[in-house]
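This one's a predicted model, so the numbers in the text were calculated from it and none came from an experiment. For the single chain, residues carry numbers from 1 onward in sequence order.
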Amino acid sequence: MQITQEVIGEEQGQSVTKYVLINDHGTHAAVLTWGATFQEFSAVEDGQRQQLIVHQDTLADYTPSPYCLCQAVGRVAGRIAGAQFDLDGRTVQLDPNDAPNAIHGGPHGFNFVNWEATTHQTADTVSVALTHTTDEATDQYPGTMATTITYALDNDDQVTITFTAKSDADTLFNPTVHTYFNVTDDQHDLQTQWLKLNGQKRLVLDQAKIPTGEKAAVAGTGYDFRTPQTITDGLAKLAQDGVVEYDDAFEVVPSETVPVATVGDTAGHREVRVYSDRNAVVAFTANPTDAKRADVRDYNALALEAQTLPDAIHHADFGDVVLPANQAVTHTIRYQYVRK
């Protein structure tokens, strides 16, 4: 087990450090302090390094991107309708950075922070813990909240991400990492990448991508990933209804033993299994590393965002995202690479 680190540049006058976690098989998990970014997840196959997530090579390519490419997002992932919510008898108004709604913690969320970092190593695990404290004056969410995001790589080729937060006032907490996958051999597109989801329903969204409160069965539709289906085949079914992308929230069954989602390649070379303690996976197709393809529908990346169902603060049956004052709460996402 090994950890390397290097300063890779500056952002807002602060040095940004890259940490590379390396296990005994040569599997890499790289993390940037800027945005708590999951910059690399790769494994050695037949002497060649195979990338599993989509990444940029330089810090400069991350900072102007609208895609939150493999970055931590919070305090709350996804959209909050009207950029406001009621809590403890008052209405909280957020910055509407997806007008008129708020998305991914707002313009001062986790992905705009250069996190403090410490490392830890055992015989079977290497990890980096990123810490930051946010106050209400910064992001408009109630309370001063201390957050730790820990990335840990073990010798089972698993990356476990834990989010722990504690606030001095009731607030909201529903973070994720906006991880984009392409596990195909050449990573040019998604024609040979399949997805499987452990869920029966998806949220019905309005034109602004805000949940209406209705949950629709996925069976027999382009949203049906209960058995493996390629992204391309799914989109072909949706195209009949004029839908050109995935930007959808699926209700899944939280589990430490059964993946909430799995991505793999049709050649049968590899897959990545996603485990989560929360009830949703948001799937989003994009071309986040190629500005020339921003509006092209031949996508090369699939984001899988494990979280509680979005806009839960406005829907009682979506899940509880309230972080009670002075109470620490932890959420976990785990990615396991499997060579087939």
Side-chain angles (χ1 to χ4, degrees), residues 1-45 47-65 67-74 105 108-134 146-165 175-182 187 272 288-289 330-337:
M1 308 298 283
Q2 183 182 359
I3 304 173
T4 68
Q5 67 180 78
E6 64 173 322
V7 174
I8 60 168
E10 286 192 359
E11 185 62 33
Q12 298 182 2
Q14 303 173 46
S15 295
V16 176
T17 302
K18 174 180 177 177
Y19 293 86
V20 183
L21 312 177
I22 306 169
N23 73 7
D24 293 339
H25 312 138
T27 298
H28 287 187
V31 179
L32 309 183
T33 55
W34 179 258
T37 302
F38 190 17
Q39 194 262 343
E40 180 186 358
F41 186 22
S42 66
V44 178
E45 297 181 354
Q48 301 294 318
R49 184 157 298 281
Q50 175 68 40
Q51 300 294 333
L52 303 169
I53 63 175
V54 180
H55 73 285
Q56 298 282 18
D57 291 323
T58 68
L59 175 63
D61 289 324
Y62 282 94
T63 53
S65 172
Y67 292 102
C68 303
L69 180 61
C70 296
Q71 294 182 317
V73 292
H108 304 287
F110 288 176
N111 56 312
F112 297 100
V113 170
N114 193 35
W115 296 66
E116 297 290 331
T118 57
T119 60
H120 186 67
Q121 182 171 340
T122 69
D124 196 52
T125 305
V126 279
S127 63
V128 56
L130 306 169
T131 58
H132 180 72
T133 297
T134 308
T147 306
T148 300
I149 303 174
T150 301
Y151 289 83
L153 172 67
D154 64 26
N155 272 327
D156 290 324
D157 295 328
Q158 298 181 119
V159 175
T160 301
I161 307 173
T162 55
F163 308 83
T164 299
T176 192
V177 173
H178 209 287
T179 306
Y180 289 81
F181 290 94
N182 188 323
Q187 299 191 311
V272 176
T289 60
T330 296
H331 295 301
T332 301
I333 303 170
R334 176 163 50 95
Y335 306 117
Q336 182 173 28
Y337 159 74

For W115 and T147, what are the C-alpha separation, side-chain angles and deciding distance, and is it a side chain to side chain contact (heavy atoms under 4.5 Å, CB included)? CA-CA 10 Å; W115 296 66; T147 306; 4.1 Å; yes
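- Of all heavy-atom pairs spanning A129 and T148, the tightest one is CB-CG2, 4.2 Å.
- Here the CD1-NE2 distance, from I333 to H331, works out to 9.5 Å after rounding to the nearest 0.5 Å.
- The 12-atom threshold is not exceeded at CD of E116, counting heavy atoms of other residues, nucleotides or ligands nearer than 6.0 Å.
- Scanning all heavy atoms of the two residues, the minimum distance from V44 to G26 falls at CG2-O, 3.9 Å.
- Judged by distance alone, the side chain of T37 and the main-chain N or O of Q39 form no donor-acceptor pair under 3.5 Å.
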V16 vs N114, side chain to side chain contact (heavy atoms under 4.5 Å, CB included): CA-CA, chis, key distance, verdict: CA-CA 7 Å; V16 176; N114 193 35; 3.8 Å; yes
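- In plain terms, the two heavy atoms of A72 and I149 that are nearest each other are CB-CD1, 3.7 Å.
- Counting heavy atoms from C-beta on, the side chains of Y151 and L130 come closer than 4.5 Å.
- Among residues two or more places apart in sequence or in another chain, the side-chain hydrogen bond (donor to acceptor under 3.5 Å, both in side chains) test is passed with S42 by E40, R49.
- Using a 4.5 Å cut-off on side-chain heavy atoms (C-beta onward), V20 and K18 make contact.
- Heavy atoms only, all atoms of each residue included: S15 and T33 are closest at O-OG1, 4.3 Å.
- Considering all non-hydrogen atoms of both residues, F181 and V272 come closest at CE2-CG1, 3.8 Å.
- Interatomic distance, H25 NE2 to D154 CG, rounded to the nearest 0.5 Å: 9.0 Å.
- Atom CG of L32 is separated from atom CG of L59 by 7.0 Å, given to the nearest 0.5 angstrom.
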Between Y335 and L52, does the side chain to side chain contact (heavy atoms under 4.5 Å, CB included) criterion hold? Intermediate values first, please. CA-CA 11 Å; Y335 306 117; L52 303 169; over 6 Å; no
Take F38 and H178 through the test side chain to side chain contact (heavy atoms under 4.5 Å, CB included) and record every step on the way to the result. CA-CA 9 Å; F38 190 17; H178 209 287; over 6 Å; no
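- Checking each of T27, T125, D124 against N155 for a side chain to side chain donor-acceptor pair (under 3.5 Å) leaves exactly one that passes, namely D124.
- Q12 contributes atom CD, which lies 9.5 Å from atom CZ of F112 (distance to the nearest 0.5 angstrom).
- In this structure a side-chain-to-backbone donor-acceptor pair under 3.5 Å is missing from Y62 to C70.
- No side-chain donor from either of Y19 and T119 sits under 3.5 Å from a side-chain acceptor of the other.
- Each of L21, N23, I22 was compared with M1 under the side chain to side chain contact (heavy atoms under 4.5 Å, CB included) criterion, and only N23 meets it.
- With sequence neighbours excluded, no residue forms a ring-ring contact (aromatic ring centres under 6.0 Å, His included) with H28.
- Taking the six-membered ring wherever Trp is involved, the centroid distance between the rings of F163 and F110 does not fall below 6.0 Å.
- Shortest non-hydrogen contact noted between Q2 and Q121 is N-NE2, 4.2 Å.
- To the nearest 0.5 angstrom, Y180 atom OH is 9.5 Å from Q71 atom CD.
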